[in-house]
There are 2 protein chains.
Amino acid sequence: MPRPPVPTRRVTIIDVARHAGVSTTAVSKVLRNAYGASPQMQAKVRAAIDELGYRPSASARGLRGQTYTIGVMLPDIRNPFFADILDGINAQLDGTDYQVLIAASCNSEPGEAHVTDAMIDRNMDGVILIAPLTSRQRLDRIARTVPTVVVGRHGHSAVYDTVADDDFVGAGLIVAHLAGLGHRRIAHIEHHETDPVRLAEMPNAVRADGYRHAMHAHGLGEHIDIASTTYTQQGGYLGAQQLLARPQRPTAIFAGADIVAMGVLDALADAGLSAPSDISVAGYDNTTFAAFGPISLTTVDQAGHQIGTNAARLLLDRITDSSRPTTQVKLSPTLAARRTTAPL
Amino acid sequence: MPRPPVPTRRVTIIDVARHAGVSTTAVSKVLRNAYGASPQMQAKVRAAIDELGYRPSASARGLRGQTYTIGVMLPDIRNPFFADILDGINAQLDGTDYQVLIAASCNSEPGEAHVTDAMIDRNMDGVILIAPLTSRQRLDRIARTVPTVVVGRHGHSAVYDTVADDDFVGAGLIVAHLAGLGHRRIAHIEHHETDPVRLAEMPNAVRADGYRHAMHAHGLGEHIDIASTTYTQQGGYLGAQQLLARPQRPTAIFAGADIVAMGVLDALADAGLSAPSDISVAGYDNTTFAAFGPISLTTVDQAGHQIGTNAARLLLDRITDSSRPTTQVKLSPTLAARRTTAPL
DNA sequence: GTGAAAGCGCTAACAT
DNA sequence: ATGTTAGCGCTTTCAC
């Protein structure tokens with residue numbers, strides 16, 4: 001039976017103070033483990049907090065000090081790789097007073113602006129931006145407003161810290177793996193990019209660069225062959241179709257992302273071909289489904305969990321000391337060799 | 001060069017009022033589209049807001065009224081089905097002043113309690129809880145504190161609205177599909193459940209129920225065979241091993257979730273069998289990877305997007321009128337027949 | 001070590 | 001229709 005909505009007023013710091021027979025200042029100090037509260041005072045206050053079931057209001061706190069909230073901007077909640085990063089962030093923040101809140105599906109510059117504004121409006125103590133599309137100028141502006149860590153984007157800033165995998169090396173791992181299997185005509189499908197800043201900073205561009213460099217390093221410069229589409233399943237499908245139509249068909253395709261590789265496999269199947277017997281296929285990201293038996297995709301594992309823990313740690317450091325010089329963490333990816341690649 | 005951190009004070013409602021030559025009340029009214037502001041007043045205020053780049057502080061608002069924030073609790077960010085729900089929520093909320101913030105990876109009752117507390121502490125205007133494990137009693141308590149919609153859990157409450165797919169029907173779809181293909185020994189892998197409330201409310205239990213009911217309805221009651229493990233890849237692997245060891249091996253396995261079906265496929269492969277030639281396999285959820293060519297899993301599609309839009313709509317309604325009677329929305333799943341099932 | 005009191009930026013009740 | 005003002009719950013000087 002729906003009892004009449006009892007608008008039980010929230011327990012406030014004043015209630016706690018009264019109950020414990022101390023001042024609100026004292027309660028506030030205990031809450032923040034601040035200096036100037038004797039052990040017996042702490043005990044009294046904590047007892048009162050427990051008895052009354054007091055919980056601090058983040059809004060009220062935010063008006064004066066911290067909100068104990070950290071925002072994470074996630075471009076695409078469907079990419080399981082991002083979940084690894086989140087796990088790392090949560091693991092690092094577990095046990096602290098901080099709560100992680102995620103804003104997802106902001107896959108455009110205006111969408112990202114909306115989300116970052118929302119986080120700033122909510123007085124978040126810090127933000128972690130994952131693979132942002134936002135311009136450098138705006139990123140700097142955000143970072144000057146709130147402690148910021150940018151993940152998965154290369155480039156150096158004086159105001160925010162960065163954490164990223166070394167995509168250049170990762171692309172090299174795939175090329176080395178395929179070359180080691182005897183492949184020479186190794187093609188690549190990249191995410192098309194023209195913006196000059198992004199060409200230098202975005203992972204997709206760095207992967208394509210790493211591919212080119214590694215091909216040269218293995219003496220395969222003449223076989224460099226890039227289909228330029230997008231990092232989507234359809235982009236993979238179209239890219240593979242282009243590559244299959246070449247006079248000299250490649251014997252291996254390195255897709256810039258696992259989801260792209262799925263499209264490649266679809267295109268192969270439609271052409272009556274299969275991996276690895278006809279063509280070897282490799283991806284990038286080691287997303288969850290890459291490991292599934294029927295797929296078993298050779299790919300590059302980015303240390304997602306470590307990316308997350310590093311990002312969270314850097315953010316906490318910056319919240320503590322916002323003027324400390326910025327740090328760039330670069331992690332090493334590893335090869336996950338599976339059954340879509342085979343000797344030529 | 002890191003210019004000295006300019007602690008530019010945030011533009012406040014007072015600045016706007018002064019700039020526009022009006023009172024703060026006026027500004028507040030314009031912000032909330034409240035009654036009592038003449039068109040020319042509105043124009044003046046909006047102009048001042050734009051010129052100064054004013055943005056309301058959610059903390060300050062929260063202290064008095066709304067925060068324009070909606071919290072979504074997500075048990076597992078890796079299940080792509082949940083992403084569909086989120087898309088639906090975002091689609092419904094797009095264009096409103098509400099910002100969706102997600103708290104993820106709280107896959108335990110204490111974890112859920114932590115997250116819901118955090119949302120309440122932050123004065124969120126409403127919360128959407130997806131497939132919560134939390135007890136009925138606590139759910140009711142939460143819903144009495146903040147407008148709440150519970151998604152993906154059956155059962156009726158007087159204080160919160162619910163949206164769920166009809167898992168009973170969904171399980172029936174799979175059984176009918178397999179029976180139609182001539183299968184009789186159709187086994188099921190369920191997520192083990194003992195708690196009586198959950199037996200009635202949790203989707204996994206309802207799916208198992210639907211399976212039993214449908215088997216009887218097709219005159220296959222004697223072939224009912226359930227392996228009780230967990231909704232994980234490993235649970236699927238172990239469940240399939242149990243089923244394969246039966247004296248009378250099933251000809252079809254209905255896994256309670258797609259991820260479980262992945263484990264089943266692994267177990268089949270390890271036993272030198274394959275789907276569908278040796279055994280038909282079906283899942284539940286129509287997660288993204290189910291559609292990938294090499295997997296092509298027969299499964300049940302829950303109308304995730306619709307679940308999301310409905311949940312968001314109900315939540316907005318309840319925020320507007322918290323005393324309105326609660327609603328239960330039940331949506332119909334559909335069959336996604338693919339290549340892991342075949343005629344006997 | 002402790003407490004009184006002044007705000008933080010906003011909303012809403014109450015004048016006018 | 002518009003303005004004045006008292007808080008919302010907390011943190012933080014600044015006295016004691």
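A, B, ... follow the sequence lines: proteins, then strands. Residue 1 opens every chain. Remember, it's a predicted structure, so these values are computed and weren't measured experimentally.
Checked by distance alone, B/Thr25 brings a side-chain donor or acceptor within 3.5 Å of a matching partner on the base of D/dT4. A donor-acceptor contact under 3.5 Å is formed by the side chain of B/Arg64 with the base of D/dG7.
Taking 4.0 angstrom as the limit, B/Ser38 places a side-chain polar atom (N or O) nearer than this to OP1 or OP2 of D/dT2. Side-chain N/O atoms of B/Arg61 include one lying less than 4.0 angstrom from OP1 or OP2 on C/dT11. Contact annotation: A/Tyr35 side-chain N/O to C/dG1 OP1/OP2 distance is under 4.0 Å. Proximity of B/Tyr68 to the phosphate of C/dC10: no side-chain N or O atom is located under 4.0 Å from OP1 or OP2. The side chain of A/Ser57 contributes no N or O atom lying less than 4.0 Å from OP1 or OP2 of D/dG9.
When heavy atoms are screened at a 4.0 angstrom cut-off, B/Thr24 is found touching base atoms of the nucleic acid. Contact annotation for A/Ala37: backbone-only contact, meaning every heavy-atom pair under 4.0 Å involves sugar-phosphate atoms and none involves a base. Among the protein residues, A/Val27 comes within range of no part of the nucleic acid, since none of its heavy atoms lies under 4.0 Å from any strand. As judged by a 4.0 angstrom heavy-atom cut-off over every strand, B/Thr12 is placed among residues touching the sugar-phosphate backbone only.
Atom CZ in B/Arg122 sits about 17 Å away from atom P in D/dG9, given to the nearest Å. Nucleotide C/dC10 holds its C1' atom 15 Å from the CZ atom of B/Arg55, rounded to whole Å. Going from atom NZ of B/Lys44 over to atom P of D/dA1 covers 14 Å, rounded to whole Å. The nearest whole Å value for the distance from the CG atom in B/Asp15 to the C1' atom in C/dC10 is 13 Å. Across the protein-nucleic acid pair, A/Asn123 atom CG and D/dG9 atom P stand 18 Å apart, rounded to whole Å. In this structure, A/Tyr54 places its OH atom 10 Å from P of D/dG9, rounding to the nearest Å. Put simply, CZ on B/Arg32 is 7 Å from C1' on C/dA12, counting in whole angstrom units. Atom CG of B/Leu31 is separated from atom P of C/dG9 by 15 Å (rounded to the nearest Å).
For B/Ser23, the listed nucleotide lying nearest its side chain is D/dG3; candidates were C/dG3, D/dG3, D/dT11. When distances are taken from the side chain of B/Lys29 to each of D/dT2, C/dT11, C/dA5, the shortest belongs to D/dT2. Closest contact between the side chain of A/Leu63 and the listed nucleotides C/dC10, D/dT11, D/dG9 involves D/dG9.
With salt bridges taken as basic N to acidic carboxylate O contacts below 4.0 Å, none links B/Arg32 and B/Asp97. The pair B/Arg46-B/Asp50 does not meet the salt-bridge criterion, since no charged nitrogen lies less than 4.0 angstrom from a carboxylate oxygen. Look at A/Arg198 and A/Glu109 and you find a salt bridge, because one of the NZ, NE, NH1 or NH2 atoms lies within 4.0 Å of a carboxylate O, short of that distance. A salt bridge does not link A/Asp117 to A/Arg122: none of the charged nitrogens lies less than 4.0 Å from a carboxylate oxygen.
Remark: the backbone N or O of A/Ala58 is not paired with any side-chain donor or acceptor of B/Asp121 at under 3.5 angstrom.
The closest side-chain donor-acceptor pair between A/Ser57 and A/Arg61, if any, does not fall under 3.5 angstrom.
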